[in-house]
**Q** 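One structure is given below, represented as structure tokens, and several questions about it will come after.
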Amino acid sequence: MESGWPESLIRDIPDFPTEGILFKDITPLLDDGEALRWAADALADRFADTPADRVVGVEARGFILGAPVAYRLGLGFVPFRKPGKLPYSTVSVDYQLEYGTASLEAHSDALSSGQRVLIVDDVLATGGTAAAAVDLVKSKDAEVVGVGFLLELGFLGGRGRLGNGCPVTSLFCDWGDE
Ligand code: AMP
């Protein structure tokens, strides 16, 4: 196995989508069948001993990783989407992004009280998106039992926003220039 694989397949794109943001482009990793399978399996393995009822994926790249994790664990998959995309009645939360503001929506009947939920996304940056996803799960009286990422931008301290008792795991962590 080549050194740094498959993290080396995550490409840095400077100043995207706005100046000053170093965007972590995961499409080269997704393009590589072995790497994609490794990432989905590795994330599923992190949750193998965590009893859970559903996997939530956060639009859009969280769908790509969350769905195979749900498949591997034999769990249903719940999409958390950007506003206006879900056809049935929805519940929503607003949140701050690394580069702007946004909202997340879920179908109002997507999760039920007491369900144990895993949340999956590609990148943990400031943690605003993941914190919003946690809030949305909790608004349904469901419980977040794990949050998993392909890559964590550790220098942004995002996991600190997810609160105590919310187990966070990431396959890779980028500490920036430290
Ligand atoms: P945040 O809410 O700041 O933790 O941002 C996380 C969400 O925005 C994830 O859904 C990521 O896909 C995306 N994102 C934020 N910052 C980056 C970045 N530097 N590179 C790639 N994706 C990012």
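Computed over heavy atoms, backbone and side chain alike; hydrogens, waters and symmetry mates excluded. Residue indices begin at 1 and follow the sequence shown. Each ligand, and each atom within it, is numbered from 1 in the order the structure gives.
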**Q** For the pair E105 and K82, evaluate salt bridge (charged side-chain N to carboxylate O under 4.0 Å, His left out) and give the outcome as yes or no after the intermediate values.
**A** CA-CA 6 Å; E105 289 186 349; K82 289 165 187 163; over 6 Å; no
**Q** Just which atoms of ligand 1 are under 4.0 Å from any heavy atom in G127?
**A**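 Taking each heavy atom of G127 in turn, ligand 1 has 1 (P), 3 (O), 4 (O) under 4.0 Å.
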**Q** Which residue pairs satisfy the side chain to side chain donor-acceptor pair (under 3.5 Å) criterion with at least one member in residues 110-120, sequence neighbours excluded?
**A**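 Output for this query lists D53-R116.
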**Q** Counting each atom of ligand 1 from 1 as listed, which ones have a heavy atom of D121 under 4.0 Å away?
**A**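 In order of numbering, the contacting atoms are 9 (C), 10 (O).
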**Q** Salt-bridge test for R81 and E59: reply yes if a basic N is under 4.0 Å from a carboxylate O, no otherwise.
**A**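 E59 and R81: salt-bridged.
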**Q** May I ask you to list the atoms of ligand 1 that are less than 4.0 angstrom from any heavy atom of T126?
**A**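 In order of number, 1 (P), 2 (O), 3 (O), 4 (O).
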**Q** Under 3.5 Å between some N or O of ligand 1 and some N or O of I21?
**A**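 Among all N and O atoms of I21, none is under 3.5 Å from an N or O of ligand 1.
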**Q** Is it possible for you to say whether Y71 and I64 belong to one hydrophobic cluster, with membership spreading through side-chain heavy-atom contacts below 4.5 Å?
**A**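 No.
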**Q** Salt bridge or not for K24 and D12, using N-O below 4.0 Å?
**A**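 Looking at K24 and D12, the cut-off is met.
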**Q** Does the N or O separation between A130 and ligand 1 drop below 3.5 Å for any pair?
**A**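 A130 vs ligand 1: no N/O contact under 3.5 Å.
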**Q** If you take the nearest heavy atom of each of R61, R161, E152, which one is closest to atom 12 (O) of ligand 1?
**A**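 Ranked by closest heavy atom to atom 12 (O) of ligand 1, first place is R61.
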**Q** Which atoms from ligand 1 have a heavy atom of D122 less than 4.0 Å away?
**A**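 Under 4.0 Å from D122, ligand 1 has these atoms: 9 (C), 10 (O), 11 (C), 12 (O).
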**Q** Can you sort out which atoms of ligand 1 are near L153, meaning under 4.0 Å from one of its heavy atoms?
**A**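 In order of number, 19 (N).
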**Q** Could you tabulate the donor-acceptor pairs under 3.5 Å formed by side-chain atoms of residues 137-146, not counting sequence neighbours?
**A**
residue	atom	partner	partner atom	Å
S139	OG	L136	O	2.7
K140	NZ	S108	O	2.3

